[in-house]
Amino acid sequence: MKAPASDPGRDAIVQRIRAMVDSIPPGRVATYGQVAREAGLPRRARLVGRTLAELPADSRLPWFRVINARGTISPRGGGERRQRNLLRAEGVEVDARGRVDLRRFGWAPRW
DNA sequence: TATATGACGACGA
DNA sequence: ATCGTCGCCATAT
């Protein structure tokens, strides 16, 4: 057996990340690092990005509410524009450079 | 086992 | 405030 009882396991970790992302309210955004941290996975920001990248196109998860620590939409081939539209559709202001003011739209866990 | 890569983050110039 | 580097972690080769 590879995984000790104390080891959450890859699937469990993915579940936790999904749950966190799903808890981000409409009109708010969170950073990859923040999601990782709140999910009890400090320093795993990239894992969050990797997990979201695995999501099926028809996933119900609000993946578009997750942006990087600089407040910008992480550039990956082509999907950037769509994410911008989705965010604007729920009231998040995104400037032409794909930037969001985290002080105004950033999500604090206490919400 | 070693190396490269990536939806990231912190720092310094 | 912006850009370049380096650090971190998990996967893929």
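A note on names: the letters A, B, ... follow the listed sequences, proteins ahead of strands, and every chain is numbered from 1.
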Between A/Q83 and A/R76, a side-chain donor and acceptor under 3.5 Å:
yes

Could you tell me how far apart A/R43 (CZ) and C/dG7 (P) are, to the nearest whole angstrom?
15 Å

First of A/R50 and A/R46 reached from the 5' end of DNA chain C, by closest nucleotide
A/R46

Nearest-Å distance for atom pair CG/P, residues A/L52 and B/dG6
17 Å

Nearest whole Å is fine: how far is B/dG9 P from A/L47 CG?
13 Å

Indicate whether OP1 or OP2 belonging to B/dC8 is found under 4.0 Å from a side-chain N or O atom of A/S74.
yes

Closest heavy-atom contact between A/Q34 and A/W107?
NE2-O, 2.6 Å

What is the distance from CG of A/L86 to C1' of B/dA7, rounded to the nearest Å?
14 Å

Rounded to the nearest Å, what distance is computed from the CH2 atom of residue A/W63 to the C1' atom of nucleotide B/dC8?
17 Å

To the nearest angstrom, the CD-P distance between A/Q83 and B/dA7 comes to 13 Å

Is there a side-chain contact between A/N68 and A/T31 (heavy atoms, below 4.5 Å)?
no

Between A/R65 and A/L87, the two heavy atoms sitting closest are CA-CD2, 4.1 Å

N/O donor-acceptor pair under 3.5 Å between A/R99 side chain and A/T72 backbone:
no

Proximity to the side chain of A/R97 - top-ranked nucleotide from C/dT11, B/dG9, C/dT2
C/dT2

Which sits closer to the 5' end of DNA chain C, A/R99 or A/R44, going by the nucleotide each is nearest to?
A/R99

So CE of A/M20 and CZ of A/R16: to nearest 0.5 Å the spacing works out to 11.0 Å

A/D11 CG to C/dA10 P: how many Å, rounded?
15 Å

Applying salt bridge (Lys or Arg N to Asp or Glu O under 4.0 Å), name anything that partners A/R60, two or more places apart in sequence or on another chain.
A/D22

Could you state the CZ-C1' distance from A/R37 to C/dC8, rounded to the nearest angstrom?
16 Å

How does DNA chain B look in dot-bracket form if you count Watson-Crick and G-U pairs under 3.5 Å, write [ ] for pairs that cross, and put | where a base pairs with another strand?
.|||||.||||||

Which listed nucleotide (B/dA7, C/dC3, C/dT11) is nearest to the side chain of A/A53?
B/dA7

